[in-house]
Amino acid sequence: MASNSDSIYNVLTFVARHPDRVIFKPREYANTITVGIPDSVKVSNPEIYFPSDRLSVNLMADAFVGENGDLLNHFYELTKQSKPDYREVWVTTSHLKRQNLYLLDLSFE
């Protein structure tokens with residue numbers, strides 16, 4: 001599954017470390033966060049993880065969530081969620097060619 005890769009981990013780490021270099025979309029839903037990342041940022045295998053003008057939606061594996069809990073918690077804290085915890089994380093990705101952005105959307109369930 002694409003969402004369980006080192007590539008997704010690296011992109012999440014980039015966003016967490018460089019919030020000034022990405023675009024945070026205003027939150028429409030309480031349990032999500034949406035980010036635009038310049039497509040000049042190096043991503044391994046972008047054709048797999050950020051398909052052009054298509055959405056890729058994947059449920060992150062429990063092992064990925066467990067191993068990267070601190071990083072995912074950072075993003076969870078950016079949501080408007082009122083629940084104290086989440087069980088699943090869904091990741092939606094795309095390459096928005098006209099905007100020169102990679103789209104990354106995390107949904108905490």
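All residue numbers refer to positions in the sequence shown, counting from 1. Excluded from the calculations below are hydrogen atoms, water molecules and symmetry mates; all remaining heavy atoms, backbone and side chain alike, are included.
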Nearest heavy-atom neighbours spanning Leu71 and Phe75: O-CD1, 3.3 Å
With Pro19 via side chain to side chain contact (heavy atoms under 4.5 Å, CB included) - residues at least two apart: Phe24
Nearest 0.5 Å, what's the [atom1]-[atom2] distance between [X] and [Y]?
X	Y	atom1	atom2	answer
Tyr102	Tyr49	OH	OH	13.0 Å
Leu96	Phe50	CG	CZ	10.5 Å
Asp62	Arg87	CG	CZ	11.0 Å
Ser56	Ile8	OG	CD1	8.0 Å
Ile37	Leu12	CD1	CG	7.5 Å

Donor-acceptor contact present, side-chain Tyr76 to main-chain Asp85, <3.5 Å: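 Yes; judged by distance alone, with no hydrogens or angles, the pair exists.
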Check: Glu109 main-chain N/O paired with Asn31 side-chain donor or acceptor under 3.5 Å: no
Passing option when Val35 is tested against Val11, Asp105, Val22 for side chain to side chain contact (heavy atoms under 4.5 Å, CB included): Val22
When you compare the side chain of [Y] with that of [X], does any pair of heavy atoms fall below 4.5 Å?
X	Y	value
Leu103	Lys25	no
Phe108	Thr79	yes
Val89	Phe64	no

Are [Y] and [X] linked, directly or through intermediate hydrophobic residues, by side-chain heavy-atom contacts shorter than 4.5 Å (ILVMFWY only)?
X	Y	value
Leu72	Leu104	yes
Tyr29	Ile33	no
Ile23	Val91	no

Neighbour count >12 (heavy atoms, 6.0 Å) for atom CG, Asp70: no
Worked check of side-chain contact (heavy atoms from CB on, under 4.5 Å) between Leu106 and Met60: CA-CA 10 Å; Leu106 295 175; Met60 291 186 164; 4.2 Å; yes
Pairs flagged by side-chain hydrogen bond (donor to acceptor under 3.5 Å, both in side chains) wherever residues 89-100 is involved - sequence neighbours left out: Asp39-His95, Ser52-His95
Residue pairs, two or more places apart or on separate chains, that pass side-chain hydrogen bond (donor to acceptor under 3.5 Å, both in side chains) and touch residues 10-24: none
